[in-house]
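Presented below is the structure to which this report refers.
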Number of protein chains: 2
Amino acid sequence: MPDDPWQPPRILLAVDLVILTLRDARLHVLLVERGIDPFLGALALPGGFLRDEHEDLEAAARRELLEEAGLSDVHLESLAVYGEPGRDPRGRVVAVAYLAIAPRMPEPVAGTDAADASWTPVDDALAPGAKLAFDHRRIVIDGVERARVKLERTALATAFCAESFTISELQQVYEAVWGVRLDPRNFYRKVQGARGFIVADGPMRKTPNGRPARLFRAGPVHVLNPPMTRP
Amino acid sequence: MPDDPWQPPRILLAVDLVILTLRDARLHVLLVERGIDPFLGALALPGGFLRDEHEDLEAAARRELLEEAGLSDVHLESLAVYGEPGRDPRGRVVAVAYLAIAPRMPEPVAGTDAADASWTPVDDALAPGAKLAFDHRRIVIDGVERARVKLERTALATAFCAESFTISELQQVYEAVWGVRLDPRNFYRKVQGARGFIVADGPMRKTPNGRPARLFRAGPVHVLNPPMTRP
DNA sequence: AAAATAGTGTCTATAAGACACTATCAT
DNA sequence: ATGATAGTGTCTTATAGACACTATTTT
């Protein structure tokens with residue numbers, strides 16, 4: 001607590017986004033190629049500085065989400081703070097990271113502000129050779145880990161799906177995020193046993209090939225009971 | 001990303017601490033009575049502004065921990081960010097909250113910088129009538145919830161204990177943080193079954209009354225396998 | 001028909017909880 | 001002795017995982 005006259009430290013606040021989605025049954029993260037000086041040309045998480053001192057942090061995250069990814073109405077939660085003094089060569093930048101979960105997108109990224117944004121498989125983004133700007137590798141790791149943990153006890157998995165989805169689509173989410181294979185029959189019963197997790201969505205059906213599957217949508221419950229157990 | 005000349009927003013960074021400990025088998029949080037203007041006289045979490053733009057966030061948290069609570073060498077982890085524009089009447093203050101776990105303290109708080117600090121039962125601090133400064137009520141709730149969750153899969157509970165502890169002392173931690181009663185016999189076997197969680201600490205013993213108990217200390221493992229399951 | 005996916009039933013190994021019982025201390 | 005806490009054994013029930021089986025589609 002400052003009792004004496006005191007110079008406020010010059011600190012910049014940034015918002016960075018870990019936006020996850022499923023493509024081809026693999027977990028992807030949205031990365032942009034940096035167009036300005038520090039780490040120019042390198043891959044980085046979408047994000048930017050707080051516009052002014054009246055802007056809310058989550059509002060800034062939603063603004064970047066729309067500007068850089070063309071996304072709105074997606075799941076968004078705060079992830080962590082990254083404030084190590086040396087993390088940005090431009091000065092003291094404290095980044096507030098947010099985790100966003102986008103449903104299966106038809107288009108990679110529309111012709112938005114940053115058309116250089118691209119969905120990258122998380123495995124590639126975190127591969128030993130891959131280089132991300134700043135400490136964004138750590139932020140991606142933390143974001144994926146958060147998603148993994150929340151899949152166990154919350155209905156977060158439905159945020160990866162369209163409004164209507166089949167149980168096997170939901171299973172693909174768990175398999176991709178956890179990086180495991182699950183038995184479809186046990187998964188089916190497990191998901192049905194978590195009351196309020198998913199509810200039937202009309203008697204409609206779908207047809208890739210094989211028997212048509214029942215459609216569901218996210219239920220009212222967000223805390224799973226019993227939880228989905230990770231193998 | 002700012003491509004044009006741009007006025008950096010004037011934002012203050014604060015560090016707030018949720019320091020938890022066990023006293024009389026109840027979970028307590030350290031609160032201080034505010035001595036300056038906003039919320040003067042109200043109870044608040046210990047904390048303060050970042051000293052200068054070169055200070056690391058966790059270093060600032062450790063500094064406040066020592067200055068306001070006289071604590072060092074305790075478990076400390078970052079908790080969350082609280083940055084709502086209206087949360088501090090003095091201006092835009094973004095608070096980075098940290099969660100600290102202190103072992104059973106002999107003295108409440110030594111004659112430190114803030115002798116007005118006091119351990120308060122969490123139930124009292126969060127009681128309907130209780131008023132905490134700023135959004136500190138929410139921060140306490142989040143800190144306690146973090147502790148509850150981490151007790152399940154990590155060895156965090158040992159951070160509440162002295163270097164040597166008995167299994168029933170460890171059980172008190174779980175009971176106080178989770179707010180439940182556990183069967184001592186099942187707890188005993190459960191804890192022993194989580195390999196690496198606790199290791200025997202010499203053939204010594206202790207004597208409150210009843211049969212002397214074996215002493216243990218924290219083991220090398222920090223991720224519990226199998227996890228402790230919350231009833 | 002075969003191949004593929006959806007959905008159900010059932011068995012087994014394991015883990016969680018209840019609780020009887022023994023052990024070792026203070027008084 | 002009694003009361004108290006430590007520690008062990010065992011039984012019952014719930015759950016996770018394996019997997020046989022049926023159902024409904026496309027080719």
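Residue numbering restarts at 1 for every chain, and letters A, B, ... go by the order of the sequence lines.
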> Which is true for A/Ser168 with a 4.0 Å heavy-atom rule: it touches a base, it touches only sugar-phosphate, or it touches nothing?
Replying inline: sugar-phosphate
Taking all non-hydrogen atoms of both residues, which atom of [X] and which atom of [Y] are closest, and how far apart?
X        : Y        : result
A/Ala100 : A/Val74  : CB-CG2, 4.3 Å
A/Leu20  : A/Gly143 : CD1-O, 4.3 Å
A/Cys161 : A/Val173 : SG-CG2, 3.9 Å
A/Phe165 : A/Ala162 : CD2-O, 3.4 Å
B/Leu151 : B/Val177 : CD2-CB, 3.6 Å

> Could you give all pairs that pass the side chain to side chain donor-acceptor pair (under 3.5 Å) test and reach residues 174-184 of chain B, with sequence neighbours left out?
Replying inline: B/Gln171-B/Glu175, B/Asp183-B/Arg185
Spacing of [X] atom [atom1] relative to [N] atom [atom2], expressed in whole Å:
X        : N      : atom1 : atom2 : value
A/Phe165 : C/dA6  : CZ    : C1'   : 16 Å
A/Arg214 : D/dT25 : CZ    : P     : 14 Å
B/Leu182 : C/dA16 : CG    : C1'   : 12 Å
A/Tyr188 : D/dA23 : OH    : P     : 15 Å
A/Gln171 : C/dG7  : CD    : P     : 12 Å
B/Phe187 : D/dG9  : CZ    : C1'   : 20 Å

Please output the side-chain donor-acceptor pairs of residues 125-141 of chain A that fall under 3.5 Å, not counting sequence neighbours, one pair per line with the distance.
{"residue": "A/Asp135", "atom": "OD1", "partner": "A/Arg87", "partner atom": "NE", "Å": "3.3"}
{"residue": "A/Asp135", "atom": "OD1", "partner": "A/Arg87", "partner atom": "NH2", "Å": "2.9"}
{"residue": "A/Asp135", "atom": "OD2", "partner": "A/Arg87", "partner atom": "NE", "Å": "2.8"}
{"residue": "A/His136", "atom": "ND1", "partner": "A/Leu45", "partner atom": "N", "Å": "3.0"}
{"residue": "A/His136", "atom": "NE2", "partner": "A/Asp16", "partner atom": "OD2", "Å": "3.3"}
{"residue": "A/Arg137", "atom": "NH1", "partner": "A/Leu126", "partner atom": "O", "Å": "3.0"}
{"residue": "A/Arg137", "atom": "NH2", "partner": "A/Leu126", "partner atom": "O", "Å": "3.3"}
{"residue": "A/Arg138", "atom": "NH1", "partner": "A/Asp142", "partner atom": "OD1", "Å": "2.8"}

>> Please encode protein proximity along nucleotides 21-27 of chain C as a string of B, S and -, counting only heavy-atom distances under 4.0 Å.
In response: --BBB--
> Which distance, rounded to the nearest 0.5 Å, do you find between the OG of A/Ser78 and the CZ of A/Arg146?
Replying inline: 6.5 Å
>> Checking side-chain contact (heavy atoms from CB on, under 4.5 Å) between B/Leu30 and each of B/Thr120, B/Leu65, B/Leu71, B/Ile19, which is the one that passes?
In response: B/Ile19
>> Closer than 3.5 angstrom, by distance alone: can the side chain of B/Arg104 be matched with the main-chain N or O of B/Arg23 as a donor-acceptor pair?
In response: no
>> Within residues 155-163 of chain B, which residues have any heavy atom lying less than 4.0 Å from an atom of DNA chain D?
In response: none
Could you pull out the protein-nucleic contacts involving nucleotides 12-17 of chain D (nitrogen or oxygen on both sides, under 3.5 Å)?
{"residue": "D/dA16", "atom": "OP1", "partner": "A/Lys190", "partner atom": "NZ", "Å": "2.8"}

Distance-only criterion, 3.5 Å: show the donor-acceptor pairs between side-chain atoms of residues 221-231 of chain A and protein atoms not counting sequence neighbours.
{"residue": "A/His222", "atom": "ND1", "partner": "A/Pro220", "partner atom": "O", "Å": "3.4"}
{"residue": "A/Arg230", "atom": "NH2", "partner": "A/Glu152", "partner atom": "OE2", "Å": "3.2"}

